[in-house]
Amino acid sequence: QVRLAESGGGLVQVGGSLRLSCAASGRIFSLYDMDWYRQAPGMKREFLGGFDWISGSTTYGDSVKGRFTVSSDNAKNTLYLQMNSLKFEDTAIYYCKAKVKRTSWDQVADYWGQGTQVTVSS
């Protein structure tokens, strides 16, 4: 099985910063990319940014460009999300997704973490 463990969420004041981590482990033959999403109450899940393990490229969602930074530790199969200048509207559950092939004969599939809560307060 593939496991994604997010960490680093919590309570932060407006204007503050947080750094989230997502570590992928388990049966991983090939890791293709890892992405960050978030979902606020009553809202659709929103793409924030991600890293393509094959090309080495990073992409961002429009709503967080300039404030959030995605980085990776390829040796640890870990993705990070540095969040700066946090706003009330950044309050959400933050999820990590990985596109993984578990064996050489498997299809590529998406795996999700359990999520970590980020709450921005005054």
Side-chain angles (χ1 to χ4, degrees):
Q1 191 55 280
V2 176
R3 291 175 295 276
L4 298 179
E6 299 112 331
S7 61
L11 180 65
V12 63
Q13 289 187 325
V14 171
S17 298
L18 277 178
R19 189 192 194 209
L20 305 183
S21 300
C22 175
S25 63
R27 194 173 188 181
I28 299 174
F29 177 75
S30 293
L31 177 59
Y32 288 85
D33 68 57
M34 292 179 74
D35 302 309
W36 287 105
Y37 288 76
R38 70 183 178 190
Q39 189 166 21
M43 304 293 285
K44 292 182 179 179
R45 195 165 290 191
E46 175 189 16
F47 171 75
L48 301 178
F51 179 77
D52 186 315
W53 246 254
I54 307 300
S55 68
S57 63
T58 304
T59 56
Y60 292 96
D62 289 338
S63 65
V64 300
K65 280 181 182 176
R67 293 194 301 125
F68 291 7
T69 302
V70 171
S71 61
S72 67
D73 184 332
N74 291 17
K76 296 181 180 179
N77 286 346
T78 298
L79 190 72
Y80 303 98
L81 182 67
Q82 178 67 42
M83 305 186 292
N84 299 327
S85 303
L86 284 163
K87 306 175 182 180
F88 289 120
E89 52 264 42
D90 293 319
T91 295
I93 299 175
Y94 284 68
Y95 297 92
C96 174
K97 178 175 74 79
K99 196 175 293 290
V100 169
K101 201 172 184 180
R102 292 184 302 166
T103 65
S104 60
W105 57 89
D106 259 352
Q107 297 291 322
V108 178
D110 289 339
Y111 295 87
W112 289 87
Q114 295 289 327
T116 184
Q117 175 72 45
V118 171
T119 302
V120 183
S121 67
S122 59

CH2 on Trp112 to NZ on Lys97, rounded to 0.5 Å
6.0 Å

Would you say that Trp53 contacts Asn77 through its side chain, given a criterion of any heavy-atom pair below 4.5 Å between the two side chains?
yes

Nearest 0.5 Å, please: how far is CZ in Phe47 from OG in Ser63?
10.0 Å

Side chain to side chain, Arg38 and Val64, heavy atoms closer than 4.5 Å:
yes

Phe68 ring center near Trp36 ring center (under 6.0 Å):
no

In this structure, are over 12 heavy atoms from other groups packed under 6.0 Å from Glu89 atom CD?
yes

Just by distance, do the side chain of Thr78 and the backbone of Lys76 share a donor-acceptor pair under 3.5 Å?
yes

Find out if a path of hydrophobic residues (ILVMFWY) with successive side-chain heavy-atom gaps under 4.5 Å connects Met83 to Tyr95.
no

Is Asp106 paired with Lys101 through a side-chain N to carboxylate O contact shorter than 4.0 Å?
no

If we ignore hydrogens and angles and just use 3.5 Å, is the side chain of Arg102 paired with the main-chain N or O of Arg27 as donor and acceptor?
no

Note: Leu4 and Ala98 closest approach over all heavy atoms is CD1-N, 3.6 Å

Compare all side-chain heavy atoms of Val118 with those of Leu20 and state whether any distance is below 4.5 angstrom.
yes

Is there a path of hydrophobic side-chain contacts, each under 4.5 Å between heavy atoms of I/L/V/M/F/W/Y residues, joining Val70 to Tyr37?
no

Rounded distance [0.5 Å steps], OG1 in Thr119 versus CD in Gln13
13.0 Å

Pairwise distance CG(Asn74) to CG(Leu79) - rounded to 0.5 angstrom:
9.5 Å

So Thr69 and Tyr60, do their side chains get closer than 4.5 Å, heavy atoms only?
yes

Check the hydrophobic clustering (I, L, V, M, F, W, Y; side-chain heavy atoms under 4.5 Å; chains of links allowed) and say if Ile54 and Phe51 are grouped together.
no

Got a sec: does the CD of Gln39 have more than 12 other heavy atoms crowding it under 6.0 Å?
yes

Is it the case that one hydrophobic cluster holds both Leu86 and Phe88, taking links as side-chain heavy atoms less than 4.5 Å apart, direct or via other members?
yes

About how many Å separate CG of Leu81 and SG of Cys22, when rounded to the nearest 0.5 Å?
10.5 Å

So, does Glu6 use its side chain to make a donor-acceptor pair with the main chain of Gly115 at under 3.5 Å?
yes

Gln117 versus Leu11: any side-chain heavy-atom pair under 4.5 Å?
no

What is the distance from atom OH of Tyr80 to atom CE of Met34, rounded to the nearest 0.5 Å?
10.0 Å

Verdict with reasoning, Lys87 to Val120, per side chain to side chain contact (heavy atoms under 4.5 Å, CB included)
CA-CA 6 Å; Lys87 306 175 182 180; Val120 183; 5.7 Å; no

